[in-house]
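Here's the structure, in structure tokens; my notes come after.
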2 protein chains.
Amino acid sequence: MDEFDDLLKLDLQICFPLYAASNLVTRTYRGVLEPLGLTYPQYLVLLVLWEADSPQSVGSLGERLHLDSGTLTPLLKRMESAGLVRRSRDPKDERRVLVALTDEGRALKAKAARVPETLFDAFGMSAEDIEALRDQLQDVVRRLSKRDVPAKPGDSGPKAG
Amino acid sequence: MDEFDDLLKLDLQICFPLYAASNLVTRTYRGVLEPLGLTYPQYLVLLVLWEADSPQSVGSLGERLHLDSGTLTPLLKRMESAGLVRRSRDPKDERRVLVALTDEGRALKAKAARVPETLFDAFGMSAEDIEALRDQLQDVVRRLSKRDVPAKPGDSGPKAG
DNA sequence: CACAATTAAATTGTGCGCAATTTAAATCTG
DNA sequence: CAGATTTAAATTGCGCACAATTTAATTGTG
């Protein structure tokens, strides 16, 4: 049992509790969102649209939520067939697809009023502790997002340099 | 714009950065684990088996990783056909399936030596900050895991009482 | 203006994650 | 020890995530 073994121990790693906590949170949301006919990522899309109160492109939704079109396109189609959003090509740039709330999608905001409160209770932590943890996680997201960006043409790639 | 609106703001919630950070971490692992022919949850199974150094039932793996048989059974079958583990019924209790490392699965531990280090670098944070965050996330996992447990027969269920 | 390069979504294919159900083995009753 | 109950995995079905590719529109360049 050496230091190398320690590094491979589950309890000593940060990534596993992050992964497990995320799964547990999504599971907790399930029970709360199912009565609204929503999944957690669908709820996230609505949070963005409710806050912006203007149509958002698939790309800007993806940038905000760190998701790509491979995830968002089928998800948005399901939300569209559920009557929550409308999808239409942007007349200014026909490559873009704009996602807009329907009246039904807007109305769902009132029904989601208790969702944050319910999740807060599930955490069972003080508001201060939650805010502190949130800030640290936002920092992690910022740090890991940087390496997200694909290499620029000018950069020397893995084979170059 | 009232307090209710604030609660629904993405930037003010803890769950979203938790979700985004988890996705980003899994994405970061992908590049590191792909050369080893592993996915992140498969790597987690190996961490448990390497640490225990004895065959584990599907149930105990699931308890440790907060995953159920619906997730683990197909994952373990893929690992078995990749030659990393063997699956066999427990002779003491034919309901159980024991998952044991093969020589190949054990040998992979050496090749995974650099994985924790690589992830540590990706976080770009001090060891102290990472440990502090890890402890907080383990606390979240403990808190959310409690509600995980199904009701005991003695408990008054939603319809009873 | 032609046409190559870039950009935005959609599509394809694989692997989770999980609720709900099914199958089969062990245990608990009488 | 027979039949009901409980337990452990497997199965089924659905919705993400995401890499890789494709399709189509826009932009850049000569």
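Order of the sequence lines fixes the chain letters, A, B, ..., with proteins taken first and strands second; residue numbering starts at 1 for each chain.
- Distance CG (A:Leu61) to P (D:dC16): 14 Å, rounded to an integer number of Å.
- Between B:Glu34 and B:Leu98, the residue anchored closer to the 5' end of DNA chain D is B:Leu98, taking for each the nucleotide with the nearest heavy atom.
- Atom CD in B:Gln56 sits about 15 Å away from atom P in D:dA8, given to the nearest Å.
- Residue contacts for B:Thr26: at a heavy-atom cut-off of 4.0 Å it reaches no nucleic acid atom on any strand shown.
- In this structure, of C:dC18, D:dA25, D:dC16, it is D:dA25 that holds the atom nearest to the side chain of A:Glu94.
- Under the 4.0 Å criterion applied to side-chain N and carboxylate O atoms, A:Arg95 and A:Asp93 are assigned as salt-bridge partners.
- For B:Glu94, the CD atom is densely surrounded, since the number of other residues' heavy atoms within 6.0 Å is greater than 12.
- Within the nucleic acid shown, B:Gly59 comes within 4.0 Å of sugar-phosphate atoms alone, with no base atom in reach, counting heavy atoms only.
- Rounded to whole Å, atom P of C:dC16 lies 18 Å from atom NE2 of B:His66.
- Atom CZ of B:Arg89 is separated from atom C1' of C:dA25 by 9 Å (rounded to the nearest Å).
- Side-chain atoms of A:Ser69 come within donor-acceptor range of the base of C:dA10, with a qualifying N/O pair under 3.5 Å.
- Atom CD of A:Glu117 is surrounded by more than 12 heavy atoms from other residues, nucleotides or ligands within 6.0 Å.
- The side chain of A:Gln42 lies closest to D:dC16, out of D:dC16, D:dA9, D:dT26.
- The side chain of B:Val97 sits closest to D:dA9 out of D:dA25, D:dA9, D:dC18.
- Counting any heavy atom pair closer than 4.0 Å across all strands shown, B:Leu75 reaches sugar-phosphate atoms only and no base atom.
- In the set C:dA9, C:dT7, D:dA8, the nucleotide with an atom closest to the side chain of B:Arg96 is D:dA8.
- Within 4.0 Å of A:Asn23, counting heavy atoms only, lie sugar-phosphate atoms of the nucleic acid but no base atom.
- Along DNA chain C, the nucleotide nearest to A:Pro74 and the one nearest to A:Arg30 differ in position, and the one closer to the 5' end is contacted by A:Pro74.
- Computed from coordinates, the A:Lys92 NZ to D:dA25 C1' distance equals 17 Å when rounded to whole Å.
- Rounded to an integer number of Å, the gap from A:Leu33 CG to C:dC18 P is 15 Å.
- Note: NZ (A:Lys77) to P (D:dG15) measures 14 Å, nearest angstrom.
- The CZ-P distance, from A:Arg27 to C:dA19, rounds to 6 Å in whole Å.
- A:Thr39 comes within 4.0 angstrom of sugar-phosphate atoms only, judged by non-hydrogen atoms across all strands, and of no base.
- Residue contacts shown for B:Leu67 are limited to sugar-phosphate atoms, with no base heavy atom under 4.0 Å away.
- Picking from D:dC18, D:dA17, C:dA25 the nucleotide with the shortest atom distance to the side chain of B:Arg95 gives C:dA25.
- Using Watson-Crick or G-U wobble geometry with both donor-acceptor distances under 3.5 Å, D:dG30 finds its partner in C:dC1.
- Applying the ring-ring contact (aromatic ring centres under 6.0 Å, His included) test between A:Tyr19 and each of B:Tyr29, B:Tyr40, B:Tyr43 identifies B:Tyr40 as the sole match.
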